Structures are given as structure tokens and as C-alpha cells.
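As the structure is a computational prediction, the values presented were derived from the model and not from experiment. Sequential numbering from 1 along the given sequence is applied to the chain's residues.
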Amino acid sequence: PDPVYAHKLQELIGGAYGELTVTMQYLFQGWNCRIEGKYKDLIMDTATEEIGHVEMLATMVARLLEGAPATATAEAVKDPVMAAVIV
């Protein structure tokens with residue numbers, strides 16, 4: 001258990017250059033792609049891959065919080081993103 005590292009990893013999920021940001025950018029580009037076929041499929045497939053990255057990071061954060069001391073976890077949940085993962 002390492003709630004401090006879990007806190008740092010959550011930045012990779014939803015930070016300014018995090019996986020959620022990248023996912024939304026690819027989804028937006030894919031939905032607005034006017035060229036049907038392989039180019040739109042490529043963009044949407046990339047967006048789908050980014051969703052998988054979010055899942056992997058969220059799992060890593062949850063596992064880093066398992067078995068962590070209650071005081072350390074209580075400190076970590078002051079961040080709303082961490083609170084959403086723990087609950």
C-alpha cells in the first residue's frame with residue numbers, strides 16, 4: 001500500500017495531460033471526422049485504447065490504496081478524485 005504514490009498516479013488519470021483528457025480529445029475528433037472509413041476508425045480505435053489506459057491507472061490507484069493505514073487514506077481522500085476511487 002502506498003497512498004502517496006496513488007495520489008501522484010491519479011494526476012495521470014485526470015490531469016491537464018492525463019488519459020481522460022487525451023481520451024476526450026480523440027473521441028471529439030472521431031465524432032467530428034467527416035471522412036467515413038479507415039481514418040475515422042483509426043481515431044475511434046485510438047480513443048478506445050485510451051479508455052483502457054484510464055482503466056489500468058484506476059486499478060493501479062485502487063490497489064495502491066488497499067491495506068493502506070486509515071490515517072494515510074484519510075489524508076488521500078481530501079482530493080476529490082481520490083475520494084471517488086476509494087468510495
Side-chain angles (χ1 to χ4, degrees):
D2 190 347
V4 175
Y5 189 62
H7 184 77
K8 291 177 182 179
L9 272 183
Q10 66 91 20
E11 176 69 21
L12 297 173
I13 297 172
Y17 301 103
E19 296 295 334
L20 282 174
T21 302
V22 175
T23 300
M24 293 307 294
Q25 288 172 341
Y26 279 115
L27 285 171
F28 185 78
Q29 290 171 5
W31 291 327
N32 288 296
C33 184
R34 303 288 187 239
I35 304 169
E36 291 296 327
K38 66 180 180 179
Y39 297 110
K40 182 172 185 164
D41 290 346
L42 175 68
I43 296 169
M44 294 304 288
D45 288 348
T46 305
T48 303
E49 183 69 26
E50 294 299 327
I51 293 170
H53 296 167
V54 172
E55 179 186 11
M56 287 187 288
L57 287 168
T59 300
M60 289 171 58
V61 168
R63 290 198 176 166
L64 285 167
L65 293 174
E66 285 177 8
T71 55
T73 303
E75 184 66 27
V77 296
K78 290 181 181 177
D79 184 318
V81 175
M82 293 296 286
V85 170
I86 292 174
V87 173

Exercise. Which atoms form the tightest heavy-atom contact between P1 and G67, and what is the distance?
Worked result: CG-O, 3.5 Å
Atom pairs and distances, side-chain donor-acceptor, residues 43-66, under 3.5 Å, sequence neighbours left out:
residue: T46; atom: OG1; partner: L42; partner atom: O; Å: 2.8
residue: T48; atom: OG1; partner: M44; partner atom: O; Å: 2.9
residue: E50; atom: OE1; partner: H53; partner atom: ND1; Å: 3.3
residue: H53; atom: ND1; partner: E19; partner atom: OE1; Å: 3.2
residue: T59; atom: OG1; partner: E55; partner atom: O; Å: 2.9

For this session: For residues 2-12, pull every pair meeting side-chain hydrogen bond (donor to acceptor under 3.5 Å, both in side chains), keeping only residues two or more places apart or in separate chains.
Result: Q10-D79
For this session: Measure the OG1-CD1 distance between T23 and I13 for me, rounded to the nearest 0.5 Å.
Result: 11.0 Å
